[in-house]
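Written out below as structure tokens is the structure these notes cover.
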2 protein chains.
Amino acid sequence: MSGGSTPIRLLLADDQALVRGALAALLSLEEDLTVVAEVGRGDEVVPEARRSAPDVALLDVEMPGLDGIAATAALRAALPTCRVLVVTTFGRPGYLRRAMEAGASGFVVKDTPARQLADAVRRVHAGLRVVDPTLAAETLAAGVSPLTERETEVLRTARGGGSAADLARALHLSEGTVRNHLSAAIGKTGARNRADAIRVAEQNGWLLGE
Amino acid sequence: MSGGSTPIRLLLADDQALVRGALAALLSLEEDLTVVAEVGRGDEVVPEARRSAPDVALLDVEMPGLDGIAATAALRAALPTCRVLVVTTFGRPGYLRRAMEAGASGFVVKDTPARQLADAVRRVHAGLRVVDPTLAAETLAAGVSPLTERETEVLRTARGGGSAADLARALHLSEGTVRNHLSAAIGKTGARNRADAIRVAEQNGWLLGE
DNA sequence: CTCCGACCGTGACATTTGTCAGGGGGCCGT
DNA sequence: ACGGCCCCCTGACAAATGTCACGGTCGGAG
């Protein structure tokens, strides 16, 4: 599979240094792949990519500074020729959708066999799309987030824990409004609690964006 | 650093196949280390260890079947000569304490530089203890869990989300008693919510074993 | 033995939460 | 211009939640 041509240049972004290094070791075993950059924060992706000009970027979703989805969008805008393969811990249905919308070429969860990663990289580099079929089905089933923008924002803020009055202060809203938004979110998620609604929304990846 | 003697035999346990394989690749780069077994579940650690007789086991904490702490205890009981190095995502203060009590020789979080992992393995194999000094300080500061056994159980059950009545049914308690335990837990954790108390207790690693 | 603390329960209370029915205002597509 | 959707607010209500004071049991430490 490894032609004699120049190897594929890779950028790795993951907040956990250990798995970042381990992935680098894993991918460096392949003759046709070479890791040219590693970063631990989402907001370092674009600057580092400018410097090292990778062919493919492997981005984690959970990262400080800038999440992997936003980093994907930024990277696609800055270096359109660089393909993005999102590698994440959680197979949240919404993550896949958002990643694809942001311009990612592939989406792989971290419990896929290690063997398949290099192939995924090659496919992405060749211009193909790589998606976990199981996850794709879930994504179709889960559909788009039913939550309105405000509801999402309230729910995201409520994640930190705090009374409705606290949320109202933080969001410059009336307390009753906050409770209304929460009630709507609870209804739409099928939950029976505020906490439950947060769980559901988080599992589906509906709490990302800015 | 690599003597000519027989290499150190390693067992890897992590639920994410990708990082498991990546860690294997990383550690296999060292001449004096060899990965002899990989498992993805906590309850497969002891059977696989019996078969492959590793010198050191690298265990993740978050695993299906049996968490890494319990797996540590089981492994120490079954094969006392095999050392355990716990490698985990979260630096929960309570995790370190519990791991050490269970008989682990080392504790490493996943955002330590990849370079240090092999050394940690060697130190553990040599009979030394390996602990992140920052985390050790936090553990001392956080102290033991202030929660009583029942309070912990109630809080752990409440994690799944559900009304006080639900918890009462699940635990065969009165609803008032459940609310009392929760109230006590809220007070001890310094939280102002049930959900908040769960967050705090979880962050400190007070909601583990049975 | 006695005391203390963990545990279980009761009942009552104030607060918070979730729900519902309203009433505005703004924006967009028809 | 109209309906429809989202947003914001109000007020009121039932339910759930958190708190408190109180009694009782049981086991272990002094």
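Computed over heavy atoms, backbone and side chain alike; hydrogens, waters and symmetry mates excluded.
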Legend entry - Per-nucleotide protein contact string for nucleotides 15-29 of chain D (B base, S sugar-phosphate only, - none; heavy atom under 4.0 Å): --BBBB---------
Quickly work out the [X] [atom1] to [N] [atom2] distance and round it to whole Å.
| X | N | atom1 | atom2 | answer |
| --- | --- | --- | --- | --- |
| H172(B) | dG9(C) | NE2 | C1' | 17 Å |
| L173(B) | dG9(C) | CG | C1' | 10 Å |
| E149(B) | dA6(C) | CD | C1' | 10 Å |
| D166(A) | dT16(C) | CG | C1' | 11 Å |
| L147(A) | dC7(D) | CG | C1' | 15 Å |
| L167(A) | dG18(C) | CG | P | 10 Å |

Any salt bridge between [X] and [Y], counting N to O under 4.0 Å?
| X | Y | result |
| --- | --- | --- |
| R122(A) | E30(A) | yes |
| D14(B) | K110(B) | yes |
| D60(B) | R20(B) | no |
| E202(B) | R199(B) | no |

Legend entry - A49(A) versus L79(A), closest heavy-atom pair with distance: O-CD2, 3.8 Å
Inset, instruction - Classify the nucleic acid contact of T177(A) as base, sugar-phosphate or nothing, counting any heavy atom under 4.0 Å across all strands shown. - result: base
Inset, instruction - Please assess T177(B) against N180(B) for the test side-chain hydrogen bond (donor to acceptor under 3.5 Å, both in side chains), listing each intermediate value before the final yes or no. - result: CA-CA 5 Å; T177(B) 305; N180(B) 277 345; 5.5 Å; no
Legend entry - Selection from dG9(C), dT10(D), dC7(C) that lies nearest to any side-chain heavy atom of S174(B): dG9(C)
Inset, instruction - Compare side-chain N and O positions of H181(A) against OP1 and OP2 of dC6(D) and report whether any pair is under 4.0 Å apart. - result: no
